[in-house]
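A short write-up of the structure that comes next.
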Amino acid sequence: MKAFEKRVRIISNRDLKHGRFILSFRDKQIAGAASPGQFLMVKASSGLFPLLRRPFSIHNCSGKNGRIDVLYEVKGPGSRLLSQYPPGRVLEVVGPLGNGFSLPEKGRGVILVAGGMGAAPLFFLASRLAAERSKRRVYALLGACGKNRLCRPAEFSAAGCSVKLSTDDGSCGSAGYVSGLLDSFLNSPGIIPSAYVIYACGPRPMLQATAFVAGKFGVQGYCSLEAHMACGIGACMGCVIPVRSEEGREAYKRVCQDGPVFPLQEPDWGKM
Amino acid sequence: MKAFEKRVRIISNRDLKHGRFILSFRDKQIAGAASPGQFLMVKASSGLFPLLRRPFSIHNCSGKNGRIDVLYEVKGPGSRLLSQYPPGRVLEVVGPLGNGFSLPEKGRGVILVAGGMGAAPLFFLASRLAAERSKRRVYALLGACGKNRLCRPAEFSAAGCSVKLSTDDGSCGSAGYVSGLLDSFLNSPGIIPSAYVIYACGPRPMLQATAFVAGKFGVQGYCSLEAHMACGIGACMGCVIPVRSEEGREAYKRVCQDGPVFPLQEPDWGKM
Amino acid sequence: MGEDVVMSRIRTEVRIGRMVLRTPVTVASGTFGYASEFSGFFDLRVLGAVTTKTVTLRPRKGNVPPRTCETPAGMLNSVGLENPGIEVFLKEKMPFLAGHKVPVIVSIASESDNREFIELARRLDHCREAAAIELNISCPNIRHTTARPGTALIAQDAGATYRLVRAVRAVTKKPIITKLSPNVTDIVSIAAAAEEAGSDAVALINTITGMSIDASSRKPRIGAVIGGLSGPAIRPVAVRMVWEVSRKVSIPVIGMGGICDTDSALEFLLAGASAVAVGTGNFLKPSLADEIVKGIREYMRANRFGSVSMLRKGMKYAR
Amino acid sequence: MGEDVVMSRIRTEVRIGRMVLRTPVTVASGTFGYASEFSGFFDLRVLGAVTTKTVTLRPRKGNVPPRTCETPAGMLNSVGLENPGIEVFLKEKMPFLAGHKVPVIVSIASESDNREFIELARRLDHCREAAAIELNISCPNIRHTTARPGTALIAQDAGATYRLVRAVRAVTKKPIITKLSPNVTDIVSIAAAAEEAGSDAVALINTITGMSIDASSRKPRIGAVIGGLSGPAIRPVAVRMVWEVSRKVSIPVIGMGGICDTDSALEFLLAGASAVAVGTGNFLKPSLADEIVKGIREYMRANRFGSVSMLRKGMKYAR
Ligand SMILES: Cc1cc2nc3c(=O)[nH]c(=O)nc-3n(C[C@H](O)[C@H](O)[C@H](O)COP(=O)(O)OP(=O)(O)OC[C@H]3O[C@@H](n4cnc5c(N)ncnc54)[C@H](O)[C@@H]3O)c2cc1C
Ligand SMILES: Cc1cc2nc3c(=O)[nH]c(=O)nc-3n(C[C@H](O)[C@H](O)[C@H](O)COP(=O)(O)OP(=O)(O)OC[C@H]3O[C@@H](n4cnc5c(N)ncnc54)[C@H](O)[C@@H]3O)c2cc1C
Ligand SMILES: Cc1cc2nc3c(=O)[nH]c(=O)nc-3n(C[C@H](O)[C@H](O)[C@H](O)COP(=O)(O)O)c2cc1C
Ligand SMILES: Cc1cc2nc3c(=O)[nH]c(=O)nc-3n(C[C@H](O)[C@H](O)[C@H](O)COP(=O)(O)O)c2cc1C
Ligand code: FES
Ligand code: FES
């Protein structure tokens with residue numbers, strides 16, 4: 001796992017509306033090393049404010065031409081500044097960082113479960129799966145609080161996923177949480193849960209619910225977690241989450257270095 | 001002296017090359033109250049960096065349509081950020097602040113003495129004098145270290161000033177400091193020093209030399225000083241300079257509130 | 001009308017001794033001049049109180065310039081308590097200050113020993129316009145002689161603090177606010193000494209001693225070499241100290257240090273302060289105190305806090 | 001060639017006890033992991049030394065998350081010294097650390113009393129790869145019992161500092177660096193105690209205790225409520241303390257606190273430090289220490305400083 005500290009030039013920084021943007025740059029070394037689920041530490045700051053870099057998942061990445069996309073939402077000062085960066089501006093990035101998703105065995109079906117912006121890293125995974133020779137079924141279950149917050153359904157569809165949507169307010173797709181959608185999906189006739197592996201990303205309660213549903217059906221899966229990160233490279237011990245080891249012992253693991261991808265059953269959800 | 005705290009919209013922010021910019025906005029209240037020599041405290045910051053507002057002189061101002069120009073040089077983080085602000089962006093300004101130049105009596109000749117960016121506030125004065133009914137002679141002595149650093153000679157000329165230039169390196173106009181230019185000007189045949197009043201702005205050593213020359217010829221005059229300002233409104237007691245009162249007592253005066261314009265002989269130049 | 005009813009249930013006033021602040025917002029000594037500098041930017045009557053620049057017995061020239069410089073998210077100052085002295089203050093500054101129906105907290109300091117404090121307090125005790133006296137025993141820009149060796153400020157020594165407050169208590173019935181220094185190992189013990197000696201409130205924090213050097217000129221950035229650090233940079237230290245002190249003393253705490261918006265003012269009220277003071281923030285935005293008064297009221301309404309003291313009880317935390 | 005000649009006249013090495021640092025730049029304990037995290041970003045051999053995350057006798061789980069949050073120009077952390085314990089450290093971390101021909105400073109702390117420090121120092125005394133021992137007596141995230149009441153850290157008590165350093169001095173010949181806390185009234189007296197007890201150097205500053213509250217959730221921003229403030233925000237405090245200490249003690253001072261570029265590193269060397277440590281700055285830019293090593297050398301060349309110790313003598317100031 002080799003990470004690079006780079007100054008790259010922004011190719012484009014497109015406003016997707018509803019406070020979301022997609023930023024692209026090219027860097028062959030980062031792109032060449034990146035795998036789905038990994039992230040970048042981006043300096044979104046003018047001088048000392050905000051101080052720390054901000055972590056953003058790799059949304060898509062082409063190993064061939066080195067193009068990397070970051071899909072992000074304006075949340076606070078860092079992401080707001082980022083959204084104002086014009087094409088051509090230099091961006092300081094460190095990456096790729098963290099452990100990405102373990103790719104599924106040949107032939108195994110895939111269920112992507114995204115809550116809101118959780119779709120960001122899952123799209124890179126969807127693209128990689130689409131590029132595989134051996135085909136497999138890939139479902140993308142995308143949830144959000146409302147219609148406007150649903151994240152890139154058309155793109156997931158174009159990447160070969162069967163897309164299913166849910167919104168908390170019922171404004172699009174089935175009404176309720178995406179974990180509920182997963183539950184009914186796994187319950188649907190003709191679906192053999194054990195033939196699938198789940199990849200989930202989103203807010204912690206949504207991941208906890210997903211882990212619960214996966215457990216219920218005995219489906220293996222992974223989730224990508226977020227935590228406040230100061231360094232992003234495993235040095236500060238700041239981004240830990242409580243995990244339960246196989247023997248049941250409590251411990252902390254770093255989201256940036258031991259994650260951000262964890263088996264769904266590893267985080268100690270009750271303690272988070 | 002009423003000052004306003006305003007959010008204004010930038011009309012233009014033009015690159016004059018060599019690290020200089022001219023920014024314009026419109027605000028009838030500030031423009032209506034402003035007189036030459038006054039300044040603004042401008043928030044040139046994204047969030048908390050840099051923290052303090054930056055003082056900039058009013059370079060020109062039209063009481064009628066409320067347009068205000070600020071001429072500035074990129075020096076550090078604040079002015080750099082300012083230079084990146086696009087037209088249409090909101091700018092937070094407080095002003096007009098400080099005591100401007102006491103305007104000359106009717107008929108008295110005027111000598112503007114500018115070192116580098118010191119020309120910024122003097123241009124507003126030149127414009128005001130040009131707009132007077134009763135005409136008078138206005139000389140603008142503009143100095144800088146080299147040709148590229150000379151500040152707006154054509155504009156001073158267009159405002160009716162007789163422009164004389166000096167550069168430290170002799171690349172344009174007479175070689176040497178602008179205080180030397182003032183000295184030879186006051187020495188020229190036909191010039192009656194006492195018929196003139198001097199308005200000077202520039203780096204401290206240049207002002208000190210100007211004060212010396214003015215004293216030598218017994219010419220009355222004013223200078224506009226700079227000091228590090230935290231508040232700009234007289235509250236923090238931070239921006240003081242040592243002055244000598246008429247009875248020769250030492251004291252401090254605030255550049256922001258008691259200045260920035262002082263009679264040339266008031267600052268205790270030896271102590272600065 | 002519905003809104004008015006709700007409004008009327010929100011009580012923003014707080015008491016400090018006999019003094020009632022209509023809103024929990026004042027200004028930090030030395031950052032608001034003598035109020036006239038700000039009266040053009042907002043209606044001063046929204047403030048719970050105005051706190052003056054520290055006054056000494058005799059006029060003080062202050063320190064050699066440059067007196068301020070910027071640091072990351074903060075600033076250093078070494079003003080050195082420049083002020084016209086109590087005589088001129090009462091004659092020339094007090095009338096304006098008193099003209100706004102807002103309590104005036106007069107900050108005082110001594111250039112030598114406790115007797116100057118006592119003399120100042122005596123004078124102010126007779127001054128109807130002074131609502132309270134703040135004892136600035138924590139200005140890093142002047143050095144005291146009454147504290148024990150190794151400490152330069154009264155506020156760095158619990159015993160010296162106790163003795164001073166006690167002595168001032170003896171000469172005035174006005175509310176006494178003791179302004180504490182963060183440059184100490186254990187601020188709680190100093191606050192407790194002030195309380196025990198009869199202080200009606202403590203105000204914290206004063207600036208943290210700091211220094212900045214310009215590498216290109218190889219000179220200190222302020223003339224006095226060492227100055228006081230203020231601004232958002234120090235806020236976490238200030239909030240922590242307010243938290244510690246307000247859990248140990250029962251007199252009101254006036255919290256300050258890096259307040260630059262409503263959220264940062266709320267941090268102090270949640271941490272246990274009864275009121276807050278806007279300091280360096282006044283320089284960043286002259287109308288900031290006004291904005292914060294409105295913001296706190298808005299927050300109290302939105303979160304259904306009927307009084308300021310409910311805020312600290314609204315704090316959620318484990319342990 | 002002309003340049004090479006000039007280069008060769010610039011001596012960047014500094015000594016701390018028997019240890020020689022080739023450049024005056026190390027890293028702050030706890031911000032550089034065990035070095036492997038950074039070896040991909042620059043050649044570690046440019047560093048004068050590597051300082052490890054603090055190690056304790058037994059493995060330590062550390063504090064409850066969230067452990068970090070951002071503050072104005074700074075951050076709070078409450079990691080709580082999570083580390084694998086000395087055993088695992090020596091077996092799993094030391095081999096990598098020792099593989100770079102750079103002196104390794106091993107930072108140690110006790111979870112209880114001085115005996116743990118002594119035990120750790122004894123082990124390290126036998127460890128050829130440990131070039132020096134740093135005594136972390138100033139971590140605000142664990143509480144000690146050996147200091148006098150009202151102080152939570154050994155580094156808040158000159159007597160406790162003296163006793164500890166003395167005891168460790170007795171069991172090891174390795175250079176001892178004592179890491180000081182800024183959360184004190186008078187850091188000079190603590191530094192003097194460390195010197196008198198035989199410390200070869202002092203390192204300062206550790207973090208300043210701080211707290212931050214999220215007004216919308218009304219919760220402390222870090223799980224442990226109170227944490228340590230680091231980053232550019234605290235630099236003026238750190239520079240001031242280095243200035244004060246280096247004018248009073250004669251052992252070398254390692255300066256740190258908010259270094260984020262060459263100029264801020266130079267501030268410390270001008271203030272009197274013999275070497276600097278990059279801390280939070282490593283997070284902002286993984287290759288920062290490398291940039292600073294180059295920057296200092298460049299500055300020394302441009303300003304004709306032949307050795308690091310000349311820098312402090314190059315400081316210009318009145319009084
Ligand atoms: C591994 C990882 C991958 C992520 N991928 C994406 C992504 O692809 N797209 C996207 O929009 N967002 C992503 N995020 C979240 C993103 O990092 C935050 O939205 C961003 O940091 C907010 O910064 P801000 O300054 O705009 O807002 P702030 O006001 O600073 O914070 C808003 C929220 O973001 C969190 N946050 C702030 N700084 C950090 C930090 N240094 N580390 C972690 N969280 C922080 C805060 O705790 C808060 O909850 C990811 C986070 C992690 C940990
Ligand atoms: C009354 C007055 C009028 C001025 N008018 C003009 C003008 O019309 N055009 C122009 O280009 N410049 C003017 N200046 C200077 C201008 O304020 C500084 O160049 C600017 O503040 C630099 O900020 P910075 O962040 O870009 O650079 P920094 O790196 O912060 O500083 C560069 C230089 O500017 C000085 N400076 C920084 N902050 C302040 C401050 N808050 N107050 C005063 N000085 C500061 C620093 O001491 C340093 O010498 C004026 C200054 C004063 C006091
Ligand atoms: C320029 C300046 C002058 C100050 N003068 C005084 C003073 O005269 N008396 C006093 O008690 N505190 C003084 N202070 C300290 C403030 O009152 C306040 O305690 C400190 O600045 C922390 O608050 P802040 O970060 O909001 O500024 C001064 C602070 C500044 C910045
Ligand atoms: C995340 C983090 C962890 C730290 N862990 C330690 C530690 O284990 N031991 C120690 O002595 N100091 C520790 N420190 C303090 C630093 O070594 C340093 O003294 C302090 O952060 C000030 O420097 P800075 O502002 O450059 O970070 C830690 C600091 C941070 C930010
Ligand atoms: S963010 Fe520093 S260890 Fe993960
Ligand atoms: S800048 Fe505050 S008094 Fe002049």
Side-chain angles (χ1 to χ4, degrees), chain A residues 1-7 29-30 33 41-55 76-78 92-98 204 225-243 245 249-258 267-268 271-272, chain D residues 27-28 30-42 52-54 59-84 141 221-223 227 230-233 235 258 260-261 264 279-288 290-291:
Chain A
M1 283 192 320
K2 166 83 183 151
F4 304 90
E5 180 186 329
K6 287 302 199 63
R7 294 167 57 86
Q29 286 186 301
I30 297 178
M41 289 297 276
V42 177
K43 188 163 155 69
S45 160
S46 71
L48 298 176
F49 183 77
L51 186 72
L52 300 169
R53 287 176 187 243
R54 299 296 193 245
E92 294 182 48
V93 298
V94 172
L97 296 168
R204 288 194 181 175
L225 279 171
E226 294 190 4
H228 191 271
M229 293 183 177
C231 76
I233 58 175
C236 75
M237 312 303 276
C239 62
V240 298
I241 53 153
V243 297
S245 69
R249 260 192 303 121
E250 286 179 22
Y252 288 124
K253 280 198 174 178
R254 292 162 301 179
V255 171
C256 72
Q257 179 86 350
D258 306 315
D268 194 342
K271 292 246 169 85
M272 300 234 287
Chain D
V27 290
T31 66
F32 205 69
Y34 301 100
S36 61
E37 294 81 356
F38 287 83
S39 60
F41 295 109
F42 67 95
T52 69
K53 170 83 194 157
T54 297
R60 241 182 100 84
K61 201 183 155 206
N63 285 332
V64 50
R67 289 177 175 179
T68 59
C69 73
E70 184 161 335
T71 66
M75 61 175 281
L76 286 173
N77 90 78
S78 62
V79 170
L81 296 190
E82 172 169 348
N83 80 89
N141 291 316
R221 281 201 145 88
I222 51 175
S230 66
R235 196 195 315 138
C260 65
D261 53 19
S264 45
T280 301
N282 294 310
F283 308 159
L284 313 182
K285 184 168 185 184
S287 65
L288 182 63
D290 187 29
E291 173 187 309

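Numbers restart at 1 for each chain; the letters A, B, ... are given by sequence-line order, proteins then strands. Quick caveat, the model's predicted, so the values are computed rather than measured.
Scanning all heavy atoms of the two residues, the minimum distance from A:F4 to D:F41 falls at C-CE2, 3.9 Å. Residues A:I233 and D:E37 come closest through the heavy atom pair O-CG, 3.4 Å. Across all their heavy atoms, D:L284 and A:R53 have their closest contact at O-NE, 2.7 Å. For the residue pair A:M237 and D:V79, the shortest heavy atom distance occurs at CB-CG1, 3.7 Å. When all heavy atoms of A:H228 and D:C69 are compared, the pair lying nearest together is CE1-CA, 3.8 Å. Closest of all the heavy-atom pairs between D:A73 and A:L51 is C-CD2, 3.7 Å.
Looking at A:A227, neither its backbone nor its side chain comes within 4.5 Å of chain D, counting heavy atoms on both sides. Only the side chain of D:F38 has a heavy atom closer than 4.5 Å to any heavy atom of chain A. Contact annotation for D:S287: both backbone and side-chain heavy atoms come within less than 4.5 Å of a heavy atom of chain A.
Of the listed residues A:V94, A:L52, A:L48, the one with more heavy-atom pairs under 4.5 angstrom with chain D than any other is A:L52. Per-residue heavy-atom pair counts under 4.5 Å with chain D were compared for A:C236, A:G232, A:C239, and the maximum is reached by A:C236. Across A:M41, A:K43, A:R54, A:E92, the residue that shares the most heavy-atom pairs under 4.5 angstrom with chain D is A:R54.
For the atom pair D:T68 OG1 and A:M229 CE, the distance stands at 9.5 Å (nearest 0.5 Å).
Considering only heavy atoms from C-beta on, D:P65 comes within 4.5 Å of A:Y252 through its side chain.
Between the A:E5 side chain and the D:K285 main chain, no donor and acceptor come within less than 3.5 Å of each other.
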